[in-house]
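Input: a single structure, listed below in structure tokens.
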Amino acid sequence: MSKTRTSLDTIASVVSLLAVLALGLSAGAMLTEAAVLVPYWRSLPPESFLDWYAANASLLFNFFGPLEIGGAVLAVAAAALHGYGRRPGRSLLIVSAVLTLAVLAAFPLYFQDVNARFAAGTIARDSVATELAAWAWWHWLRTAIGASAFVAVMLGVRADRQ
């Protein structure tokens with residue numbers, strides 16, 4: 001095996017392990033948001049929820065944004081390195097990368113607008129409960145996709161190690 005090939009294999013292994021870590025953290029964070037924050041939000045009166053969201057929207061964005069983007073970058077890089085090197089597990093890493101991109105795509109497709117309306121308090125108070133129910137549904141879908149990306153990257157790394 002050439003030195004270049006060994007170096008690429010090492011880089012691919014490290015990047016794929018970092019992708020496992022990042023996607024696990026991201027899936028866990030999304031699950032926590034779905035199972036803890038969303039029920040809390042839905043228990044609040046509309047005005048209290050909007051006040052809470054306005055005060056914390058930037059914290060949520062600054063936490064979830066880098067976590068999800070970093071996970072996607074690592075998943076795509078792992079898939080590319082494994083594809084280039086024709087390493088075992090590459091198809092699962094490609095699936096994981098596609099799923100992480102779907103998680104990211106959900107933001108501009110749905111979450112960006114509604115999050116901005118929550119943060120600005122421009123949503124009608126009598127629409128908050130309905131919009132939070134829709135938000136929860138979309139978030140559970142995104143959480144399931146993110147968890148599937150995590151499972152796919154773990155299985156891809158496992159296949160590469162066998």
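Side chains are part of it too, since the values below use all heavy atoms of this structure and drop only hydrogens, waters and symmetry mates.
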task: Kindly give the heavy-atom pair with the smallest separation between Ala119 and Ala54, and that separation in Å.
output: O-CB, 3.3 Å
task: Check whether any side-chain heavy atom of Gln112 sits under 4.5 Å from a side-chain heavy atom of Arg117, and report yes or no.
output: no
Donor-acceptor contacts, no H, no angles, side chain residues 22-39, under 3.5 Å, sequence neighbours left out:
| unit_1 | atom_1 | unit_2 | atom_2 | d |
| --- | --- | --- | --- | --- |
| Thr32 | OG1 | Gly28 | O | 2.9 |
| Glu33 | OE1 | His139 | NE2 | 3.4 |

field: Over all atoms of both residues, closest heavy-atom pair of Ser96 and Val153
entry: OG-CB, 3.5 Å
- prompt: Shortest non-hydrogen contact from Ala105 to Pro108?
  reply: O-CD, 3.2 Å
query: Is there a path from Phe150 to Trp140 through hydrophobic residues (I, L, V, M, F, W, Y) whose side chains come within less than 4.5 Å of each other?
result: no
field: Arg158 CZ: over 12 foreign heavy atoms closer than 6.0 Å
entry: no
- line: Minimal heavy-atom distance between Ala72 and Thr100, with the atoms involved, is CA-OG1, 3.6 Å
- request: Spell out, yes or no, whether Leu18 and Met154 are grouped together once hydrophobic residues are joined by side-chain heavy atoms under 4.5 Å, including indirect joins.
  value: no
- request: Look at the side-chain heavy atoms of Ile, Leu, Val, Met, Phe, Trp and Tyr, link any pair under 4.5 Å apart, and say whether Leu99 and Leu141 land in one connected group.
  value: yes
field: OH (Tyr110) with more than 12 external heavy atoms under 6.0 Å
entry: yes
message: In this structure, would Leu101 and Leu92 fall into the same cluster of hydrophobic residues linked by side-chain contacts under 4.5 Å?
response: no
task: Could you grab the distance from atom CG of Asp9 to atom NE2 of His82, nearest 0.5 Å is fine?
output: 8.5 Å
- request: Going by the side-chain contact (heavy atoms from CB on, under 4.5 Å) test, name the single residue among Ile123, Leu60, Val128 that passes it with Tyr53.
  value: Leu60
query: So how far is it from Leu132 CG to Ser43 OG, rounded to the nearest 0.5 Å?
result: 10.0 Å
Residues Arg87, Ser13; criterion side chain to side chain donor-acceptor pair (under 3.5 Å); working and verdict: CA-CA 10 Å; Arg87 293 173 60 101; Ser13 293; 3.2 Å; yes
- prompt: Would Val103 end up clustered with Trp137 when hydrophobic side chains under 4.5 Å apart are linked, directly or stepwise?
  reply: yes
task: Provide the closest heavy-atom pair for Pro88 versus Ala159 in the form atom of the first, atom of the second, distance.
output: CB-O, 3.6 Å
- prompt: Per the side-chain contact (heavy atoms from CB on, under 4.5 Å) rule, which among Val15, Val14, Leu93 passes with Leu81?
  reply: Val15
field: CG-CD distance between Leu50 and Glu47, expressed to the nearest 0.5 angstrom
entry: 6.0 Å
- prompt: Rounded to the nearest 0.5 Å, how far does CZ of Phe64 lie from CG of Leu67?
  reply: 7.5 Å
task: Decide if atom CH2 of Trp138 counts as having more than 12 heavy atoms of other residues, nucleotides or ligands within a radius under 6.0 Å.
output: no
- prompt: In Å, rounded to the nearest 0.5 Å, how long is the span from CZ of Phe111 to CZ of Phe118?
  reply: 10.0 Å
query: Given the rule in the side chain to side chain contact (heavy atoms under 4.5 Å, CB included) test, do Ser58 and Phe61 qualify, once you have shown the distances and angles that lead to the verdict?
result: CA-CA 5 Å; Ser58 64; Phe61 184 79; 5.6 Å; no
- line: d(Phe107 CZ, Ile69 CD1) to nearest 0.5 Å is 9.0 Å
query: Between Trp41 and Trp135, what is the ring plane arrangement, given parallel below 30°, perpendicular above 60°, and tilted in between?
result: perpendicular
